[in-house]
Amino acid sequence: MDILSFPLASLRGENEWETNPLTAILRRAKLFIAIFRADNPRLIYLIQAFLRRANLSGADLRKANFSKVSLFEAQLIKTNLSQAHFNGATFRRADLTQANLSQAHLKATDFYDTRLIEVNLSKANLIKANLTKAQLNLANFNQANLRHAKLIDAKLVGADFSQACLENVNFGMADLIGANLSRANLSGASFFRANLSEANLKGANLKGVDFRGAELCGANLSGANLSDANLSKADLSGANLTGANLTGAKLIRTQALATNFEEVTLTGSCIEDWNINGETNLNCTTCPYIYLKEHQQDRRPHVGEFAPGEFTQLFQKALETVDLIFRDGVNWKSFAYSLANTQVIHEDVPLSIQSIENKGDGTVLIKVGVTANTDKGKIYDDFWSKYELVQEALEKQYQARIADKNEHINQLFNLVNCLQEQLGNIPKLMGKSTTNQYDFYSPVTSVGNKGAQGNLATENKGCQKNRQDNYVRGS
């Protein structure tokens with residue numbers, strides 16, 4: 001039979017097909033857990049078919065039409081699918097390990113959480129494909145087209161994207177350790193918090209790429225176009241950017257320890273709080289002007305341009321750090337005094353605060369910059385010995401002030417108690433006065449309750465005397 005046609009067929013269970021048709025048509029067919037073993041068919045049409053958990057491993061399905069097919073949890077290990085049509089198909093949680101999908105049509109195909117280890121996708125059309133959380137270690141994407149595709153949180157260790165079109169691809173949080181992206185077009189792509197350690201991006205087009213929080217340690221970015229790229233909080237430690245173009249790039253709080261910026265163009269880039277050290281290479285950089293704050297604020301130089309080599313002289317810092325960890329917060333008075341004292345002791349070593357980090361639970365990390373070859377252990381010990389002495393002295397002063405305040409408070413309590421006693425006697429005196437006869441026409445000295453007045457005056461003087469004694473003792 002040259003043509004097998006099974007429109008709307010439903011094959012359930014361990015169904016096995018071992019025929020060799022020239023053309024097989026299973027439009028909208030349903031094959032549940034089917035085993036498909038077509039050895040060498042010329043044309044196979046499985047349009048909109050439902051092939052859940054189907055076993056197509058090892059089959060030769062070149063140029064087959066699987067448009068909008070559902071291959072959920074299907075087995076396609078080492079299957080030959082080159083030049084096949086899978087536009088709009090679903091491969092969710094399927095296994096395509098070592099499958100051949102070279103030049104396949106995979107536009108808008110869903111590969112969510114699919115196993116694609118060592119798969120061949122060279123020259124494949126993956127425009128708008130969903131490869132989120134897919135396992136693509138050692139996959140071959142050479143010259144493939146993945147514009148607007150999603151590879152969020154995908155495993156791409158050692159994957160080959162050389163010369164691929166990756167415009168506006170989302171690689172957010174993907175693992176691309178050791179991946180090859182050389183000469184790839186990645187303009188507008190996102191590598192937010194992705195891991196690109198030891199990756200090869202040589203000569204890649206990275207214009208406007210989002211590298212915020214990305215790991216680029218040891219990556220090769222030589223000759224890459226990073227104009228307008230956002231490298232804020234990225235780690236470029238040990239990376240090679242020789243000859244790269246970073247015009248207008250953001251390097252805000254970027255880690256660039258031992259990074260090679262030789263012959264890099266940094267015109268108009270922002271280097272707010274970037275972290276470099278003595279091994280950072282800024283030789284022969286092209287940089288007419290720079291910004292020290294985001295949104296093109298704090299331009300340097302304020303007017304005009306840097307003379308050749310001036311940027312390197314101003315910003316090449318031979319810095320290392322002494323890390324000071326404060327477990328119970330920082331006493332800033334003690335810190336300022338101790339740092340100043342340490343600077344006096346080590347007058348030949350310029351000390352500068354590089355960063356202050358709140359680690360939580362009251363722990364604060366302060367990095368103090370020092371020059372190369374400095375005895376960091378000596379500076380560390382000198383700082384802490386003085387800090388602890390100052391802290392102890394300030395604590396004693398504080399306790400003395402508390403004691404002094406407590407004494408004054410006690411004096412006020414004594415005064416209040418005396419006044420309360422005086423005020424408490426007035427009703428008694430007034431009560432006694434009702435039994436006395438007063439001559440309102442006599443002089444004041446002849447008032448009948450002058451004895452009581454005398455007692456009140458005596459008590460008042462006694463309180464004043466007590467306050468004076470307390471004051472003398474307190475002073």
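Since the structure is predicted, the reported quantities are computational estimates derived from the model, not experimental observations.
No cation-pi contact links R52 to F72, judged by a cut-off of 6.0 Å to the six-membered ring centre and 45° from its axis.
Judged by distance alone, the side chain of T374 and the main-chain N or O of V370 form no donor-acceptor pair under 3.5 Å. Judged by distance alone, with hydrogens and angles left aside, the side-chain atoms of Q343 form no donor-acceptor pair with the main-chain N or O of A340 at under 3.5 Å. Side chain of E118 to backbone of L138: no donor-acceptor contact under 3.5 angstrom is found. Listed for the N87 side chain is no donor-acceptor partner under 3.5 Å among the backbone atoms of A89. The main-chain N or O of T247 is never found under 3.5 Å from a side-chain atom of S269 such that the two would form a donor-acceptor pair. T254 places a side-chain N or O within donor-acceptor distance of the main-chain N or O of L231, the cut-off being under 3.5 Å. In this structure, the side chain of S190 does not engage the main chain of G172 through any donor-acceptor pair within 3.5 Å. Proximity of a side-chain donor or acceptor of T265 to a complementary backbone N or O of L246 within less than 3.5 Å is not detected. A distance-only check finds a donor-acceptor pair linking the side chain of N120 to the backbone of S122 [under 3.5 Å]. With hydrogens and angles disregarded, a donor-acceptor distance shorter than 3.5 Å links the side chain of N100 to the backbone of S102.
More than 12 heavy atoms of other residues, nucleotides or ligands sit less than 6.0 Å from atom CZ of R300.
Side-chain contact check for Q83 and R62: no donor-acceptor pair (N or O, by modelled atom type) lies under 3.5 Å. Counting only N and O atoms by type, the side chains of T285 and N283 include no donor and acceptor under 3.5 Å apart. N142 and S162 share a side-chain donor-acceptor pair at under 3.5 Å. A side-chain donor from one of N260 and N281 sits under 3.5 Å from a side-chain acceptor of the other. There is a side-chain donor-acceptor pair under 3.5 Å between S352 and Q354. Side-chain contact of E215 with S197: a donor-acceptor pair under 3.5 Å is absent, judged by distance alone. Looking at N180 and D160, their side chains do bring a donor and an acceptor atom within 3.5 Å of each other. Between the side chains of D210 and N230, no donor N or O sits under 3.5 Å from an acceptor N or O.
Here the two rings, on F261 and F311, have centers that are 6.0 Å apart or farther. Checked against the 6.0 Å centroid threshold, Y337 and W332 do not count as a close aromatic pair.
Residues A99 and V119 come closest through the heavy atom pair O-CG2, 3.2 Å. Taking all atoms of both residues into account, the shortest heavy-atom contact from A134 to L116 is CB-CD1, 4.3 Å. Scanning all heavy atoms of the two residues, the minimum distance from A174 to L156 falls at CB-CD1, 4.2 Å. Minimum interatomic distance between L181 and A204 (heavy atoms only, all atoms of both residues): O-CB, 3.6 Å. Residues N358 and T363 share a closest heavy-atom pair of OD1-O, 3.5 Å. Taking both residues in full, the closest heavy atoms of A258 and T280 are given as N-OG1, 3.4 Å, listed atom of the first, atom of the second, then distance.
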Chi angles and distances behind the side-chain contact (heavy atoms from CB on, under 4.5 Å) call for V390, N331: CA-CA 10 Å; V390 174; N331 185 312; over 6 Å; no
Full working for side-chain contact (heavy atoms from CB on, under 4.5 Å) between I252 and D273: CA-CA 6 Å; I252 302 168; D273 296 330; 5.7 Å; no
Check against ring pair (Phe, Tyr, Trp, His ring centres under 6.0 Å), F91 and F66: CA-CA 11 Å; F91 285 91; F66 287 83; 7.9 Å; no
Stepwise ring pair (Phe, Tyr, Trp, His ring centres under 6.0 Å) test for F335 and F383: CA-CA 9 Å; F335 175 83; F383 173 86; 5.6 Å; yes
CA sep, side-chain torsions, deciding dist, call: Q391, S334, side-chain hydrogen bond (donor to acceptor under 3.5 Å, both in side chains): CA-CA 6 Å; Q391 182 87 327; S334 300; 3.1 Å; yes
Derivation of the side-chain contact (heavy atoms from CB on, under 4.5 Å) call for L131 and T114: CA-CA 8 Å; L131 292 140; T114 300; over 6 Å; no
Chi angles and distances behind the side-chain contact (heavy atoms from CB on, under 4.5 Å) call for E272, K250: CA-CA 8 Å; E272 180 180 349; K250 292 181 180 179; over 6 Å; no
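For residues 166-175, there are no salt bridge (Lys or Arg N to Asp or Glu O under 4.0 Å) pairs, not counting sequence neighbours.
Counting only heavy atoms from C-beta outward, the side chains of L351 and T342 approach each other to under 4.5 Å. Residues I356 and V364 form a side-chain contact, since some pair of their non-hydrogen atoms from C-beta on lies under 4.5 Å apart. Within the 4.5 Å cutoff, side-chain heavy atoms of R147 are placed close to those of I127. Side-chain contact check for D298 versus Y291: every heavy-atom pair is 4.5 Å or farther apart. Residues L324 and Y380 meet the side-chain proximity criterion, which asks for heavy atoms closer than 4.5 Å. L126 is listed as a side-chain neighbour of L121, based on a closest heavy-atom distance under 4.5 Å. Residues T242 and V264 have side chains not in contact (no heavy-atom distance under 4.5 Å, counting atoms from C-beta outward). Looking at heavy atoms from C-beta onward, L292 lies in side-chain contact with I271 at the 4.5 angstrom threshold.
A distance of 11.0 Å separates CD1 of I290 from CG of L314, quoted to the nearest 0.5 Å. Atom CZ of R53 is separated from atom CG of L71 by 13.5 Å, given to the nearest 0.5 angstrom. In this structure, the separation between OG on S232 and CD on E294 is 6.5 Å, given to the nearest 0.5 Å. With rounding to the nearest 0.5 angstrom, the CG atom of L81 is 5.5 Å from the OG1 atom of T79. From D235, atom CG reaches atom CZ of R253 across 14.5 Å, with rounding to the nearest 0.5 Å. In this structure, OG on S57 lies 6.5 Å from CG on L76, to the nearest 0.5 angstrom.
A salt bridge does not link R92 with D113: none of the charged nitrogens is closer than 4.0 Å to a carboxylate oxygen. K386 and D382 are not joined by a salt bridge, as no carboxylate oxygen comes within less than 4.0 angstrom of a charged side-chain nitrogen.
Looking at F211, F192, F161, F141 one by one, the single match for ring-ring contact (aromatic ring centres under 6.0 Å, His included) with F171 turns out to be F161.
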